[in-house]
Amino acid sequence: MRLKSPADLQEKRQQIISLRDSSRHCVTICSGTACHAYASEKTALAFVEEIKSSGLKDNVDIRRTGCHGFCERGPIVVIFPEEICYLGVKPEDVSEIVSTTLMGKGLVDRLLYKDSNGEKVVHEGDIPFYKNQTRIVFGNNRLIDPKNIDDYIALGGYDALTKALFEMSPDDVMEMVKRANLRGRGGGGFPAGMKWETTRNAPGKTKYVIVNADEGDPGAYMDRSLLEGNPHSVLEGLIIGAYAIGSHKGYVYVRQEYPLAIENLSIALNQAGEYGLLGKNILGSRFNFDVTVHRGAGAFVSGESSALMNAIEGKVGEPRPKYTRTAVSGIGDKPSNLNNVETWANVPLIISRGADWFASIGTEGSKGTKIFSPDRWTVGRVHT
Ligand SMILES: Cc1cc2nc3c(=O)[nH]c(=O)nc-3n(C[C@H](O)[C@H](O)[C@H](O)COP(=O)(O)O)c2cc1C
Ligand code: FES
């Protein structure tokens with residue numbers, strides 16, 4: 001099970017892909033928190049039963065995925081390879097979908113999106129809500145089961161880590177992130193590469209890297225959706241950052257009110273550990289790195305860097321006077337680099353696709369994409 005080299009990872013990916021038939025139907029059911037609240041699990045179980053009783057078990061896969069971003073119309077079901085998108089799917093709709101779409105190749109019109117002219121929209125990407133979005137960080141949420149590391153690996157997951165560990169020095173990684181001009185997604189917009197450099201250059205051998213998944217802003221669910229729907233993307237970014245900074249210990253500070261994010265993250269950590277993507281001698285690179293999940297108690301102020309580090313130390317999660325930045329003196333007074341969930345999730349993309357690619361997206365002062373989560377009085381949720 002343990003992958004001991006980049007070649008082992010490639011072999012594993014080939015094995016996963018060879019066992020999958022892309023021409024088979026795959027019914028994906030969004031199982032993010034919002035769709036879960038619409039009882040998406042009952043819909044998923046109805047598909048399991050109906051597909052079994054229709055004798056389609058060997059021809060149709062079922063996959064529970066993370067949030068697609070269109071929560072107000074959940075539970076969302078997308079049927080691949082055609083990418084037929086049904087909205088608001090209830091258990092009682094399932095037998096009609098199976099007989100009409102999976103067996104009969106027809107459409108269940110009443111479950112399709114209808115645009116402002118009443119025209120039906122079949123494919124998810126053609127729904128006006130998604131049309132002007134560039135879904136890069138969030139894009140794989142709809143394709144993978146966050147509880148299955150193989151889904152992430154099949155789509156090239158952990159390739160960026162391999163590239164960083166085996167083809168790049170820590171300096172190269174740092175330079176690439178700086179050149180990409182990745183700015184923190186947690187609110188302050190501070191350049192990530194500069195902060196990493198401060199922690200790396202700070203005196204002391206022990207350094208920490210931390211994911212801020214406190215997400216205290218009311219109505220904000222970007223970090224939750226990412227951590228729930230694609231936890232390995234955050235984890236891979238964190239390991240790459242640790243390598244660049246020279247850290248062997250990471251923390252994810254995640255709010256207690258995000259049980260599904262905690263569950264999926266914990267599963268991801270276990271699976272990554274079993275595959276040798278965490279722990280000692282990652283992929284045979286001699287780089288060691290471990291991660292601990294710390295659950296926050298839901299105080300808004302504890303999302304601030306020094307308060308968050310106090311909480312990780314077991315103290316009251318309130319801010320310290322910041323005479324020295326936490327990047328230099330954080331957890332246990334050791335240099336500690338804190339970045340937001342979305343900031344970390346951008347890192348593997350930058351390493352894989354390059355700084356120029358990243359810098360070609362976005363505005364003059366802020367590169368890359370940004371996930372948005374407007375409150376319920378606006379158009380619903382917009383993710384990019
Ligand atoms: C009161 C307060 C609450 C904050 N809450 C959060 C939060 O919930 N999530 C977050 O990522 N950053 C939060 N921040 C910002 C963090 O202090 C820190 O700047 C950020 O996590 C750094 O990550 P970034 O550079 O990737 O954005 C908060 C700041 C303050 C002052
Ligand atoms: S949780 Fe299903 S679309 Fe957001």
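All ligand and atom numbering here is 1-based and tracks the order in the structure. As the structure is a computational prediction, the values presented were derived from the model and not from experiment.
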Residues [X] and [Y]: side-chain donor-acceptor under 3.5 angstrom:
X: D172; Y: S169; value: yes
X: Y130; Y: E124; value: yes
X: T33; Y: Y221; value: no

Quick one: look up the protein heavy atom nearest [atom] and list residue, atom name and how far away it is.
atom: atom 27 (O) of ligand 1; answer: G186 N, 2.7 Å
atom: atom 16 (C) of ligand 1; answer: G303 O, 3.5 Å
atom: atom 23 (O) of ligand 1; answer: N340 N, 3.2 Å
atom: atom 17 (O) of ligand 1; answer: S305 N, 3.0 Å
atom: atom 21 (O) of ligand 1; answer: N212 ND2, 2.9 Å
atom: atom 18 (C) of ligand 1; answer: L338 CD2, 4.0 Å

Side-chain ion pair, K163 and E167, N-O less than 4.0 Å: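 Looking at K163 and E167, the cut-off is not met.
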Under-4.0 Å salt bridge between D61 and R20: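 Here D61 does not pair with R20 in a salt bridge, since their nearest N and O are not under 4.0 Å apart.
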Any G74 heavy atom less than 4.0 Å to ligand 2: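 Distance cut 4.0 Å: G74 fails for ligand 2.
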S5 (side chain) donor-acceptor with L283 (main chain) under 3.5 angstrom: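 Judged by distance alone, no pair lies under 3.5 Å.
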Backbone N/O of K147 and side chain of Q271: donor-acceptor pair under 3.5 Å: yes
Ring-ring centroid check F287 H248, cutoff 6.0 Å: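 F287 vs H248: aromatic centres under 6.0 Å.
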Close approach, K195 and ligand 1, non-hydrogen under 4.0 angstrom: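 True for this residue.
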Short list, please: which atoms of ligand 2 are under 4.0 Å from a heavy atom of [X]?
X: C67; result: 1 (S), 3 (S), 4 (Fe)
X: C71; result: 1 (S), 3 (S), 4 (Fe)
X: F70; result: 3 (S)
X: G69; result: 3 (S), 4 (Fe)

For ligand 1, which atoms have a heavy atom of [X] less than 4.0 angstrom away?
X: D214; answer: 8 (O)
X: R185; answer: 26 (O), 27 (O)
X: E215; answer: 7 (C), 8 (O), 9 (N)

Side chain to side chain contact (heavy atoms under 4.5 Å, CB included) partner of T134, the single match among I136, V137, N132: I136
Given D8, L9, N270, I153, the one that forms side chain to side chain contact (heavy atoms under 4.5 Å, CB included) with Y275: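 Result for side chain to side chain contact (heavy atoms under 4.5 Å, CB included) with Y275: I153.
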Whether F70 and Y113 hold their rings parallel, tilted or perpendicular, with breakpoints at 30° and 60°: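 Correct class here is tilted.
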Parallel, tilted or perpendicular: rings of H232 and Y152 (30°, 60°): parallel
Option set R255, E304, M309, criterion heavy-atom distance to atom 30 (C) of ligand 1, minimum: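 Comparing heavy atoms across R255, E304, M309, the nearest one to atom 30 (C) of ligand 1 lies in E304.
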Polar contact flag for [X] and ligand 1 (N/O pairs, less than 3.5 Å):
X: G216; value: yes
X: D223; value: no
X: F300; value: no

Heavy-atom protein neighbour under 4.0 angstrom from atom 9 (N) of ligand 1: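 Given the 4.0 Å cut-off, atom 9 (N) of ligand 1 counts as touching protein heavy atoms.
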Under 2.8 Å: N/O/S of C30 next to atom 2 (Fe) of ligand 2: yes
N, O or S of H68 under 2.8 Å from atom 4 (Fe) of ligand 2: no
Set of side chain to side chain donor-acceptor pair (under 3.5 Å) partners for N181, sequence neighbours left out: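 N181: no side chain to side chain donor-acceptor pair (under 3.5 Å) contacts found.
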